[in-house]
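Basis for what follows: all heavy atoms, side chains included, without hydrogens, waters or symmetry-related copies.
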Amino acid sequence: MIYVDADACPVKPEILKVAERHGIEVTLVANSGLRPSRDPMVKNVIVSNGFDAADNWIAERAGEGDIVITADVPLAGRCVAAGALVTGPTGRVFDQTNIGMATAMRDLGQHLRETGESKGYNAAFSPRDRSKFLETLDRLCRRAKSTSQATTSSKED
């Protein structure tokens, strides 16, 4: 399963294309309306406007062998802890080796913005980011499928 933190996600069409190629279901989770899909492999979930409602919905369900796509570092941390494969829309992979540093940098950036030391501008999303994301998602899909196949075969033994 691929879970997408879909509010303001710039790579939804790319996610759907890669997921279709790999035959993996996608769940788009958002606080507001999403364009419906006729594809039975794509599910839209609209959650309440409550604080972190979409993040909580994803974190409660994502686990071993799932893929999560989010730019939200705290959500990425929760999903990594649950065993999910996590990437941001720029193709940045979050895992056990880097989630601590990503969280620390996020917290530092938030502190600097709150104290006025930084304006907190994010770099514009580029074609290079989109390309890196496609490569990363394809690699994670292959990894998730091999994990799923290994789990299935070990259960059959």
Side-chain angles (χ1 to χ4, degrees), residues 1-114 120-126 129-130 132-145 147-148 151:
M1 175 69 71
I2 298 175
Y3 294 101
V4 182
D5 186 1
D7 286 321
C9 177
V11 289
K12 287 188 282 274
E14 289 81 0
I15 295 165
L16 300 178
K17 184 188 308 182
V18 173
E20 181 180 15
R21 187 169 61 241
H22 286 279
I24 299 176
E25 293 179 50
V26 176
T27 300
L28 301 166
V29 184
N31 296 108
S32 58
L34 293 166
R35 178 172 289 138
S37 173
R38 293 177 190 223
D39 186 339
M41 298 287 283
V42 178
K43 178 176 156 187
N44 290 345
V45 174
I46 307 298
V47 296
S48 73
N49 282 330
F51 183 72
D52 283 344
D55 296 355
N56 291 335
W57 194 95
I58 292 169
E60 289 167 5
R61 288 160 181 82
E64 193 75 36
D66 291 326
I67 298 169
V68 175
I69 300 162
T70 184
D72 185 279
V73 175
L75 173 58
R78 292 169 68 188
C79 294
V80 165
L85 304 171
V86 183
T87 184
T90 60
R92 178 182 183 192
V93 172
F94 297 101
D95 59 23
Q96 292 292 345
T97 66
N98 67 9
I99 194 63
M101 181 59 78
T103 301
M105 293 303 294
R106 177 210 174 262
D107 293 347
L108 175 62
Q110 181 177 352
H111 174 74
L112 291 174
R113 286 187 300 278
E114 288 170 355
Y121 299 118
N122 291 328
F125 190 75
S126 71
D129 293 331
R130 192 174 308 278
K132 184 176 178 196
F133 173 77
L134 283 166
E135 290 172 22
T136 299
L137 183 56
D138 193 65
R139 187 176 68 251
L140 292 180
C141 286
R142 288 193 309 271
R143 205 162 123 200
K145 285 168 56 175
T147 300
S148 174
T151 303

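From D5, atom CG reaches atom CG of D72 across 6.0 Å, with rounding to the nearest 0.5 Å. The structure places CD1 of I15 at 3.5 Å from CD1 of I69, a figure rounded to the nearest 0.5 Å. Note that NZ of K145 is 13.0 Å distant from CG of L140, once rounded to the nearest 0.5 Å. We find the CG-CD1 distance between L137 and I24 to be 7.5 Å, quoted to the nearest 0.5 Å. To the nearest 0.5 Å, atoms CE (M1) and CD1 (I58) are separated by 11.5 Å. For the atom pair CD1 of I2 and CD1 of I67, the computed distance is 4.5 Å after rounding to the nearest 0.5 Å.
Nearest heavy-atom pair across V68 and A62 is CG2-CB, 3.6 Å. Nearest heavy-atom pair across A30 and D7 is CB-OD1, 3.2 Å. Closest of all the heavy-atom pairs between F125 and P89 is CE1-O, 3.3 Å. Taking each heavy atom of F94 and G88 in turn, the nearest pair found is CE1-N, 3.9 Å. Counting all heavy atoms, side chain and backbone alike, A19 lies closest to V26 at CB-CG2, 3.3 Å.
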Could you give the side-chain donor-acceptor pairs of residues 32-47 under 3.5 Å, partners two or more places apart or in another chain?
residue : atom : partner : partner atom : Å
S37     : OG   : D39     : N            : 3.1
D39     : OD1  : M41     : N            : 2.8
N44     : ND2  : R35     : O            : 3.2

Quick one: side chains of residues 79-86, donor-acceptor pairs under 3.5 Å with protein atoms, not counting sequence neighbours, listed by atom name and distance.
none

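A side chain to side chain contact (heavy atoms under 4.5 Å, CB included) with L134 is found for one member of R139, K17, E14 and no other, namely E14.
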**Request:** Would you check, one step at a time, whether the test side chain to side chain contact (heavy atoms under 4.5 Å, CB included) holds for N56 with R78?
**Result:** CA-CA 9 Å; N56 291 335; R78 292 169 68 188; 2.8 Å; yes
**Prompt:** Going through the checks in order, is the side chain to side chain contact (heavy atoms under 4.5 Å, CB included) test met by W57 and T27?
**Reply:** CA-CA 11 Å; W57 194 95; T27 300; 3.8 Å; yes
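Every pair passing side-chain hydrogen bond (donor to acceptor under 3.5 Å, both in side chains) that includes a residue from residues 91-100 is listed here, sequence neighbours excluded: D95-T97.
Two residues are said to be in side-chain contact when any heavy atoms from C-beta on lie closer than 4.5 Å; S126 and D129 meet this criterion.
Applying the side-chain hydrogen bond (donor to acceptor under 3.5 Å, both in side chains) criterion to R61, with sequence neighbours excluded, gives no partner residue. Legend: residues meeting salt bridge (Lys or Arg N to Asp or Glu O under 4.0 Å) with D52, ordered by chain and number and at least two apart, are absent. Shown here are the salt bridge (Lys or Arg N to Asp or Glu O under 4.0 Å) partners of R142, two or more places apart in sequence or in another chain: D138.
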